[in-house]
2 protein chains.
Amino acid sequence: MAGLCCNRAMSTNPPSPAKRHYLQADTLIRSTGARLTRPRVEVLAALLAAEQALSHHELEERIDRSVDIDRVTIYRVLDWLTAQGLAHRIAGDDRVRRFNAAGHAHEGAHAHFQCERCGTVLCLDEFSADPVVRLPRGFRPQHYELTVKGLCAGCGPSRRADTRTPAHRH
Amino acid sequence: MAGLCCNRAMSTNPPSPAKRHYLQADTLIRSTGARLTRPRVEVLAALLAAEQALSHHELEERIDRSVDIDRVTIYRVLDWLTAQGLAHRIAGDDRVRRFNAAGHAHEGAHAHFQCERCGTVLCLDEFSADPVVRLPRGFRPQHYELTVKGLCAGCGPSRRADTRTPAHRH
DNA sequence: GCCTAATTGCAACTGAATTGCATTAATGGC
DNA sequence: GCCATTAATGCAATTCAGTTGCAATTAGGC
C-alpha cells in the first residue's frame, strides 16, 4: 500500500475498495512536508471516503475497526488537517464540530445543509455572497458561510416519525 | 416600574436610562400569556439593551449587579425566550451560543457577522438566499443562515496586535 | 389572603474539546 | 540498515458550555 507509514501494519490488509482514499490521503499528507503517520492517513482517508461531514464520534466509529487511535489524537489530527487546509471544519447548531475533506475549491464561501432532525451535515456547492450583505463601516469580511437548515431527503415530511430513526446522532 | 413582577424589589431602583428596555421586556413577556418573572425581565431587557449578540457569560455579567439569578435559570430563560420567538440563538464557531432579542423580522433568513479575533457577534440585515443554493433532491430548506467571518471595526488591520485586547471573550 | 401549577435555585452530571507530560516512532544523516 | 532527533502520539486529568432532577419558591387566579 504505497508507502503507508508503518509498512508492517498495513501489509496484511486485503486490498479494499477504499484503497483509493488511502492513496489519496497519503499523497495529500506528503504534500504538506510534515510526517506521514497512521492516524493522519486514517482520519483523512475516512474524510475522503465520507459523503457527508463527520463528527469526532463518527470518525472514531469509522476508524476503530483496524487500528485504535486515541480520541485526543483524532482531535489533534483534525486540527492539523484544518490548519493545512486539507479539511474543513463546520460548527453545527448542536455544538458539535464536523469535518470534511477540503476537496471542493472552498475559496471564501461555503454552503452547508444541516438536517434539523437527524443532524446530518452536507457540503453544498459554492455560492456567491459578497454582494448580498452590507457590513457596518470598518468591518472586513473574510469568509462567508451559508447554512441551510431543514429536512434531508431521509427525514422529509413524506416519511414521518416512525419510518426513520434519527440517524448519525449520539 | 410599570408592573414589574416583584413590586417591592424594583421600587427602590432609581429611574435608569435603561428603563425603556425594562418596560419593553415587560410588555413582550406579558404578551406571551406566561408568567412575568424577574429573571425573564432581566434577561430580555439585557438583550434588548445590547447592541450585539450576548453569550451566557456576557448576560451574567450584565445582570448580576442588582439581583443575582442562577446560571441555570438564565439558560432556561434563554431557551424559553427563544421558544417564544422573543430571542434568537446563534451558534458561534467557538461552541458558544449567543442570543439577541428578536427585534428584526427574521423570517427565514438571518445574517450574522462574527469577528475572528474578538468573537463579537453582530446581527446583520436580512438577505435573500433562496435562489442562491441548490439542494439535492428531496431536501427541504427551512431556514437560511449566513455567517460572515472577518474582523470587526475594532479589530481591523489598521490597529494591530497591541492596540487592542481581544475583547468579549472569557 | 390562599392555592396551585409554573418557575426558580441548587447540586450533580454530561459530553465535546483541551492541556500537560511521558512515551513512541517517522525521517534525515550516517 | 542503524541511530539520533524531534515531531506526533497516548494517557490521565481538566475545562467549559450546557443539561437534568428535584425540592423550594412564587406569580397569578380565586
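Proteins get letters first, then strands, A, B, ... in listed order; numbering begins at 1 in each. As a basis for the values below, the full set of heavy atoms in this structure was taken, side chains included, without hydrogen atoms, waters or symmetry mates.
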How many whole angstroms separate atom [atom1] of [X] from atom [atom2] of [N]?
X	N	atom1	atom2	value
Asp70(A)	dA13(D)	CG	C1'	13 Å
Arg40(A)	dT9(D)	CZ	C1'	10 Å
Ile63(B)	dG9(C)	CD1	P	11 Å
Glu60(A)	dA16(C)	CD	C1'	11 Å
Ile29(B)	dT7(C)	CD1	P	11 Å
Asp94(B)	dA17(C)	CG	P	12 Å
Leu36(B)	dT25(D)	CG	C1'	16 Å
Ile74(A)	dT19(C)	CD1	P	18 Å

Could you list the donor-acceptor pairs under 3.5 angstrom formed by side chains in residues 72-84 of chain B, with sequence neighbours left out?
from     : atom 1 : to       : atom 2 : distance (Å)
Thr82(B) : OG1    : Leu78(B) : O      : 2.7

Protein N or O to nucleotides 18-20 of chain D N or O, pairs below 3.5 Å:
from    : atom 1 : to       : atom 2 : distance (Å)
dG18(D) : OP1    : Arg97(B) : N      : 2.8
dG18(D) : OP2    : Tyr75(B) : OH     : 3.3
dG18(D) : N7     : Arg71(B) : NH2    : 3.4
dG18(D) : O6     : Arg71(B) : NH2    : 3.3

Which pair of heavy atoms, one from [X] and one from [Y], lies closest together, and at what distance?
X	Y	result
Gln52(B)	Thr120(B)	NE2-CG2, 3.3 Å
Leu59(B)	Val43(B)	CD2-O, 4.1 Å
Ala46(B)	Ile63(B)	CB-CG1, 4.4 Å

Taking it one step at a time, do Glu60(B) and Arg71(B) satisfy salt bridge (charged side-chain N to carboxylate O under 4.0 Å, His left out)?
-> CA-CA 7 Å; Glu60(B) 268 189 307; Arg71(B) 290 169 4 85; 5.5 Å; no
So Leu54(A) and Asn100(A), side chain to side chain contact (heavy atoms under 4.5 Å, CB included) or not? Walk me through it.
-> CA-CA 6 Å; Leu54(A) 299 180; Asn100(A) 52 226; over 6 Å; no
Would you mind reporting whether His112(B) and Val148(B) have side-chain heavy atoms less than 4.5 Å apart?
->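 They are not in contact (no side-chain heavy atoms under 4.5 Å apart), so the answer is no.
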Sub-4.5 Å side-chain heavy-atom contact between Glu42(A) and Tyr22(A) |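 Heavy-atom side-chain distance check passes, below 4.5 Å.
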Tell me whether the OP1 or OP2 atom of dA17(D) has a side-chain N or O from Ser55(B) closer than 4.0 Å.
->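 No.
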dG9(C) OP1/OP2 closer than 4.0 Å to side-chain N/O of Thr73(B) = yes
Please test Arg62(A) against Glu58(A) for salt bridge (charged side-chain N to carboxylate O under 4.0 Å, His left out), starting from the C-alpha separation and ending with a verdict.
-> CA-CA 6 Å; Arg62(A) 299 188 184 207; Glu58(A) 291 163 340; 5.9 Å; no
By nearest nucleotide on DNA chain C, pick out whichever of Ala34(A) and Arg35(B) is the more 5' one.
->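 It is Arg35(B), whose closest nucleotide lies nearer the 5' terminus.
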Could you tell me, to 10°, how much the axis swings from one end of the helix from dG1(C)-dC30(D) to dC30(C)-dG1(D) to the other, five pairs per end?
-> 30°
